[in-house]
A.B. asks: 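If you scroll down you'll find the structure; I have some questions about it.
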Amino acid sequence: MELQIGRDEFNQALYRAQGIVEKKSTMPILASVLLEATQGEGGGRLRVSAFDLEIGVTGTHPAEVQKTGSVAIKHKELYDIVRALPEKTVVLRREANNRVKITSGAAEFNIVGQPAEDYPAFPRAEKVAFVAVEPTQLLEMIEKTQFAISADETRHNLNGVYFETEAGAVRMVATDGHRLSLVQRAIEGDFGLKKGVIVPRKGLFELRRLLAEDGASACELGFTETSGVFRRGELTMVMRLIDGVFPDYAQVIPREADRIVTVDRPRLLETLKRMSLLSSDRTTNAVKFELSEGTLRVSSQNPDLGDAHEEIQVAYGGTAMQIGFNARYLMDVLSVVDSAQVNVELCDELSPGVLKPAGDAPPGSRYTAVIMPMRI
Amino acid sequence: MRWEDIVGQDRPVRLLRAALERDQLHHAYLLAGPPGTGKELIARTLAQAANCEAEDVASRPCERCGHCLAIARGSFPDVQWILPQSEMVARGLISKADLEGAPSKEIRVDEVRALSRRLSFAALRGRRKIAALVPADALNERAQNALLKTLEEPPPATTFLLISANPDALLPTIRSRCARVQLGPVSEELIYRRLVRDGVAEPEARERAARAQGSFSQALSDPGERRSLIEAFERALAAPDERDALDLAAEHSERDAAALVAVAIEAWTRDVLVAQAGAPRQLLEARDLFDTAAQLGARLPPTTLLSQAGLCARVIEALGQNGNGRLQLERLFLGARELRASGQKGNAHG
């Protein structure tokens with residue numbers, strides 16, 4: 001392998017890999033990046049890949065390739081060297097025993113590499129039915145569901161977001177058993193999914209990072225049986241899917257509500273932030289909702305500190321009731337919804353509460369959050 | 001390695017092959033047996049056979065397909081080997097420079113959690129995900145409890161292989177959730193044949209096979225070292241002052257090296273006792289030192305030797321609990337010197 005590549009181009013590729021390479025893994029080679037130099041019709045390319053058995057990122061970059069070949073090099077050392085190189089171009093040359101000579105200007109490094117064959121094979125991303133996705137829309141869908149993913153590592157099937165398609169729409173659902181968040185958006189194209197898939201938290205996190213750094217370029221998303229594949233230009237990210245059955249979430253979404261309260265979203269969020277300051281238990285953040293005609297009274301109490309309450313004017317004409325919630329769960333939802341007003345749908349003090357943005361949604365679009373009540 | 005090439009473990013091999021051929025592999029096996037009897041070899045062969053691409057089930061693993069080769073190289077994503085850091089350093093998989101502190105001898109709870117997270121994904125290339133814990137008794141108690149959850153509700157198409165020479169060190173709850181596959185010591189004859197095949201000369205092969213205690217790894221280790229170590233030990237004990245003993249301890253000051261020395265001295269103490277009881281040469285581990293052992297046995301009272309064996313056991317235990325290598329060896333050598341001195345005066349103490 002011998003090639004010449006722009007230092008900044010190479011640096012960027014290594015920066016991307018940074019979040020993926022595992023420093024302390026049971027498979028030591030995962031601390032390395034895989035470099036593959038190829039010569040094709042469009043000229044030479046350097047492919048830089050990182051894979052931690054969970055997520056893989058690979059990008060190809062234009063390079064002047066004198067000799068094709070591949071090698072794995074420890075990421076940290078390589079990244080540190082490339083960042084410190086004096087000239088704008090760098091020459092990489094694999095020598096005997098997988099040693100790699102890096103030269104830039106007068107500086108020369110000889111570092112130890114490992115055979116490329118020792119690098120674990122990437123998930124296959126051939127034969128993927130890619131669908132063009134709007135980066136901002138995908139980012140929005142991730143943000144609207146990610147917070148509800150279960151943190152309980154023993155419940156693998158809840159450690160990710162359920163992704164399923166329905167004629168002309170995609171739906172993402174996350175739940176931890178106490179709350180559920182569902183978002184649906186219209187999309188054109190067919191993912192070819194026979195059933196829904198579970199995309200793990202870490203994969204979504206990396207995907208979100210990629211989407212946030214560039215919201216303008218065209219992106220594609222697709223799935224194989226074992227992985228999700230995201231593609232933008234020369235960059236491909238592969239995330240392995242969780243092998244499990246997502247619970248039948250439709251069952252836990254109440255079909256109709258006895259009481260619907262329309263409330264100003266920023267106001268309710270502010271109120272909850274204030275009231276949760278005095279919640280007796282910091283982890284459960286219990287707040288009490290007392291509903292009467294035209295008014296929602298939110299209160300909290302702590303036997304050691306005291307109590308607090310606040311009243312909000314709401315559009316409500318039904319009978320009085322009271323119910324307890326974890327304020328954190330409500331705030332998580334209110335922070336990601338963009339509408340000015342939200343509808344809070346309630347039945348009785350033991351039935352789950354439902355939050356939806358008020359007003360009409362565009363066709364195919366939907367957002368629903370379900371939150372289990374607390375006994376107060 | 002092909003199943004046919006695994007020597008001396010017919011019963012475990014038959015059991016696992018039958019399970020593979022019927023596609024009825026358990027979700028967890030405890031591969032138990034003395035060191036050097038082929039536990040890891042069987043684990044690797046099982047991992048290959050379960051994922052081999054060969055059409056004919058009976059000829060798996062084929063050792064030629066991409067999956068078999070990748071598993072042999074350790075780069076197959078669906079087969080994971082979980083080792084404590086100290087073991088990874090010892091095998092040259094990582095260098096000490098890669099670690100922040102001293103290499104841990106334990107498999108810790110976060111490693112078990114990371115493993116069970118990775119196992120929750122669908123298999124990437126293979127048919128069956130394999131997770132081998134080498135050795136399983138390196139799991140500390142918290143890690144074992146974390147593993148228990150995964151063992152109780154194993155992810156689909158997954159087999160755990162718990163490898164241990166000391167299965168009693170595992171929590172009973174872990175043991176009861178694994179199908180136990182017991183490996184026995186390999187017969188002396190099979191070890192002898194293997195050594196001859198490797199080009200070891202006839203009499204030496206006999207001697208090494210006898211000393212191996214049914215363990216291939218012990219038979220393949222260098223025999224000369226043990227002999228010179230025992231001779232140096234006896235010289236240091238017979239010397240007029242303590243200087244030789246202290247030098248010998250300093251020479252093996254690294255903890256793992258010190259533990260090997262203590263184990264060798266323990267085996268040697270047994271040999272002297274065996275010779276003292278009038279047993280023939282064949283029953284000794286160090287047969288080449290039979291004459292030395294017989295002479296010592298004639299001179300020393302059994303109580304002195306038994307006290308020396310007890311001292312060895314305590315030193316080995318202390319080294320297992322992070323004792324300082326050099327200090328523990330000094331304790332052993334100086335203690336043994338004292339035992340000899342008082343034993344020859346005829347008032348040995350226990």
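Order of the sequence lines fixes the chain letters, A, B, ..., with proteins taken first and strands second; residue numbering starts at 1 for each chain.
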A.B. asks: Can you confirm if the aromatic rings of H67(B) and F76(B) lie within a centre distance of less than 6.0 Å?
C.D. replies: yes
A.B. asks: At under 4.5 Å between heavy atoms, what parts of residues 124-141 of chain B are in contact with chain A? List them by residue number.
C.D. replies: L124(B), R125(B), K129(B)
A.B. asks: Select one option (side chain, backbone, both, neither) describing which atoms of L241(A) are under 4.5 Å from chain B's heavy atoms.
C.D. replies: backbone
A.B. asks: For chain B, which residues from residues 146-158 of chain A lie under 4.5 Å away (heavy-atom distances)?
C.D. replies: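 Within residues 146-158 of chain A, the residues that come under 4.5 Å of chain B (heavy atoms only) are E153(A), T154(A), H156(A).
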A.B. asks: Can you name the residues of residues 148-159 of chain B that have some heavy atom under 4.5 Å away from a heavy atom in chain A?
C.D. replies: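 So far as heavy atoms go, K149(B), P156(B) are the residues that approach chain A to under 4.5 Å.
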A.B. asks: Quick one: is the NZ or CZ of R83(A) closer than 6.0 Å to the six-membered ring centre of Y79(A), and within 45° of its axis?
C.D. replies: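 Ring-cation test returns yes.
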A.B. asks: Distance-only, no hydrogens or angles: does the K39(B) side chain make a donor-acceptor pair with backbone N or O of P34(B) under 3.5 Å?
C.D. replies: yes
A.B. asks: Please work out whether the ring planes of F163(A) and F223(A) are parallel, tilted or perpendicular, with thresholds of 30° and 60°.
C.D. replies: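 Aromatic pair F163(A)/F223(A) classed tilted.
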A.B. asks: Using non-hydrogen atoms and a limit below 4.5 Å, what part of residues 43-56 of chain B faces chain A?
C.D. replies: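 Checking residues 43-56 of chain B against chain A gives no residue, so none.
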A.B. asks: Give, as side chain, backbone, both or neither, the part of K74(A) having an atom under 4.5 angstrom from any heavy atom of chain B.
C.D. replies: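 The side chain, not the backbone.
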A.B. asks: Under a plain distance cut-off of 3.5 Å, with no hydrogens placed, do R180(B) and Q182(B) share a side-chain donor-acceptor pair?
C.D. replies: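 Yes, a side-chain donor-acceptor pair sits under 3.5 Å.
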A.B. asks: Is it true that the side chains of Y249(A) and R171(A) contain a donor and an acceptor less than 3.5 Å apart?
C.D. replies: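 Checked: Y249(A)/R171(A) side chains pair up, N/O donor to acceptor below 3.5 Å.
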A.B. asks: Between the side chains of R47(A) and T58(A), is a donor N or O closer than 3.5 angstrom to an acceptor N or O?
C.D. replies: yes
A.B. asks: Output the option from G66(B), A114(B), A123(B), A70(B) having the highest count of non-hydrogen pairs under 4.5 Å with chain A.
C.D. replies: A123(B)
